Peer 1: 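One structure is given below, represented as structure tokens, and several questions about it will come after.
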Amino acid sequence: MTQRILLIISGGIAAYKALELVRTLRKRGIAVRAVLTESAEKFVTPLSLGVLTEDHVFGDMFDLKEEREIGHIQLSRQADLIVVAPATANILAKMANGIADNLATTLLLATDKPVLAVPAMNVRMWHHKATQRNLERLHADGVHILEPDSGEMACGEYGKGRLPEPEAIAAEIERLLALPRGADPLADQPDFAGDALSVLDKLEPNGNLTDKHILVTAGPTHEPIDPVRYIANRSSGKQGFAIAAAAARAGARVTLVAGPVQLPTPLGVDRVDVETARQMLAAVEAALPADAAIMVAAVADWRTADAAEQKIKKDGSGQPAPLALVENPDILATLSHHAHRPALLVGFAAETQKIAEHAQAKLIRKGADWIVANDVSGDVMGGDANAVQIVTTDGIETWPAMPKGQVADKLIEKVAHALSSRPG
Ligand code: C5P
């Protein structure tokens, strides 16, 4: 059955991205009905939205005909999920306080469906105590919040508040649509990094990493072959993002150096996006010093000696491709000898056989303190569960299979414990 979104677009400069969001959702087979606030109409027109949604676009509560035919209660009941994107500071404030002074806010008050808010605003507005207070209240009310991205803003400032890319919003929408009907939204705690991370989780640290800086790498790297091709692997980034999220919830300052993945940035995490292994190494070194580094990225072992400037053409001769590969720098091993070596250095080892044995060898070879070893012969890469062994110089701990979010929480607990019992 086709799933239906009611998309409420509130009035910020990011509203123009709503058009792309509609197209992305429609491509994924999701039906979209749009509601525009009065100020959103200054940024996108009902006509363009109507064309893209192939539906009537709603805007004025006092459109009597619509009110008689459909009505605001009906409008929200016909959707599987209500999405507010972009959600301005203003609409978030109204939602948090139950204000219903236009169609959008009235149906948000009238709905019994799950609600996802995707805030976008100026960085100072985002960090304002009033906005954070409103977000906290919305979270407590069961509203899902997808955290904004960081970057350059339309207003010329730099920081957190950019609307996430349409692909990332669409991925979150699909995830929420896949949740069992009637599930308590508050029971929907993050179990992997693709989740909308709760503001409350950040405001109430669940560990003791306050004043610590935790550096995490995640995702694959892409090594260009030519302008259209690259070498990569199947890493989804979910485990690394979940670890970054867990560290932020534990109160740490977190730097997440991420390879190319379509995952939303966990709340409270500073994200640096990179493509290649060499860029990842540079970003990791730039982020030092850190109290702990957790290297979860599946860095490509090799890159092409020279990426071609033009697309390489096959010549039909049947000869092997003219690809000379060279080894990439090992980021983990580089950190272990670094002048600013973190007090705790954790590596991951994805193995398909002799898991513990290979991990022990890796611990020594790379100079790490712990290796988190996992068996990737199943569907761990890209999947949501993981069964790991923690290899340290003291021995091996075996954890049962659990969601990646739980692996992250348990690992961060262990990191916090290790850091508190180490000097410096
Ligand atoms: O050698 P292997 O790729 O199995 O090692 C895995 C561990 O080393 C992971 O923690 C990964 O993030 C890290 N690594 C790295 N730089 C590389 C290769 C792996 O940091 N070039």
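A quick note: this is a predicted structure, and the numbers were derived from the prediction, not measured. Heavy atoms only: backbone and side chains are in, while hydrogens, waters and symmetry mates are out. Counting starts at 1 for both ligands and their atoms, following the listed order.
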Peer 1: Tell me: protein heavy atom nearest atom 4 (O) of ligand 1, and distance?
Peer 2: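 Here the nearest protein heavy atom works out to K362 NZ, 2.3 Å.
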
Peer 1: Counting each atom of ligand 1 from 1 as listed, which ones have a heavy atom of G347 under 4.0 Å away?
Peer 2: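 Listed by number with element: 10 (O).
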
Peer 1: Within the 4.0 Å heavy-atom shell around A297, which atoms of ligand 1 are there?
Peer 2: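 Atoms satisfying the 4.0 Å criterion: 11 (C), 12 (O).
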
Peer 1: Please check: side-chain N/O of T255 versus main-chain N/O of A287, any donor-acceptor pairing under 3.5 Å?
Peer 2: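 Such a contact is absent between T255 side chain and A287 backbone.
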
Peer 1: Check each heavy atom of P329 against ligand 1 and say whether those closer than 4.0 Å belong to the side chain, the backbone, both or neither.
Peer 2: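 For P329, only backbone atoms sit under 4.0 Å from ligand 1.
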
Peer 1: Specify the closest pair of heavy atoms between P119 and P164, including all atoms of both residues, with the distance to one decimal.
Peer 2: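 Closest approach of P119 to P164, heavy atoms only: O-CD, 4.5 Å.
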
Peer 1: Return yes if a side-chain donor-acceptor contact under 3.5 Å exists between T276 and E223, otherwise no.
Peer 2: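 The answer is no; no qualifying pair exists.
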
Peer 1: Are more than 12 heavy atoms from other residues, nucleotides or ligands located less than 6.0 Å from atom CZ of R229?
Peer 2: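 Count over threshold, so yes.
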
Peer 1: As an exercise, identify every atom of ligand 1 less than 4.0 angstrom from a heavy atom of I331.
Peer 2: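 Reading through ligand 1 atom by atom, the close ones are 15 (C), 16 (N), 17 (C), 20 (O).
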
Peer 1: Do ligand 1 and A350 have nitrogen or oxygen atoms that lie under 3.5 Å from each other?
Peer 2: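 No; the residue has no nitrogen or oxygen that sits under 3.5 Å from a nitrogen or oxygen of the ligand.
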
Peer 1: Considering non-hydrogen atoms of the protein only, which is the closest contact for atom 20 (O) of ligand 1, and what is the distance?
Peer 2: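 Looking only at protein heavy atoms, the one closest to atom 20 (O) of ligand 1 is L332 N, 2.9 Å.
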
Peer 1: To the closest 0.5 Å, what do you measure between CG (L332) and CG (L281)?
Peer 2: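 Nearest 0.5 Å value for the CG-CG distance: 11.5 Å.
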
Peer 1: Considering only protein heavy atoms, which is closest to atom 1 (O) of ligand 1, and at what distance to one decimal place?
Peer 2: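 So the nearest neighbour among protein heavy atoms is K366 NZ, 2.8 Å.
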
Peer 1: Salt bridge or not for R303 and E327, using N-O below 4.0 Å?
Peer 2: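 No, this pair does not count.
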
Peer 1: Give yes or no for whether the N/O distance cutoff of 3.5 Å, strictly under, is met between A300 and ligand 1.
Peer 2: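 Not met; the criterion fails.
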
Peer 1: Find out whether F241 and K404 are in side-chain contact, i.e. whether some heavy atom of one side chain is under 4.5 Å from a heavy atom of the other.
Peer 2: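 Side chain of F241 against side chain of K404, heavy atoms only: no contact under 4.5 Å found.
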
Peer 1: Check the side chains of T88 and N90 for a donor-acceptor pair under 3.5 angstrom, ignoring hydrogens and angles.
Peer 2: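 Absent: no donor and acceptor within the cut-off.
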
Peer 1: Mind checking salt bridge (charged side-chain N to carboxylate O under 4.0 Å, His left out) for E357 and listing every partner two or more places apart, or none if nothing turns up?
Peer 2: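 By the salt bridge (charged side-chain N to carboxylate O under 4.0 Å, His left out) rule, E357 matches no residue at all.
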
Peer 1: With nothing but distance in play, are any N or O atoms of R365 less than 3.5 Å from an N or O of ligand 1?
Peer 2: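 N/O-N/O distance below 3.5 Å does not exist for this pair.
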
Peer 1: Show which atoms of ligand 1 fall inside a sub-4.0 Å distance from at least one heavy-atom site of M295.
Peer 2: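 By the 4.0 Å cutoff, the relevant atoms are 9 (C), 10 (O), 11 (C), 12 (O).
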
Peer 1: Tell me: protein heavy atom nearest atom 18 (C) of ligand 1, and distance?
Peer 2: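 Here the closest protein heavy atom is V299 CB, 3.7 Å.
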
Peer 1: Of all the non-hydrogen atoms in the protein, which one sits nearest to atom 6 (C) of ligand 1, and at what distance?
Peer 2: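 Of the protein heavy atoms, F348 O, 2.8 Å lies nearest.
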
Peer 1: Report the nearest protein non-hydrogen atom to atom 3 (O) of ligand 1: residue, atom name, distance rounded to 0.1 Å.
Peer 2: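 Residue, atom and distance for the closest contact: D301 OD1, 4.0 Å.
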
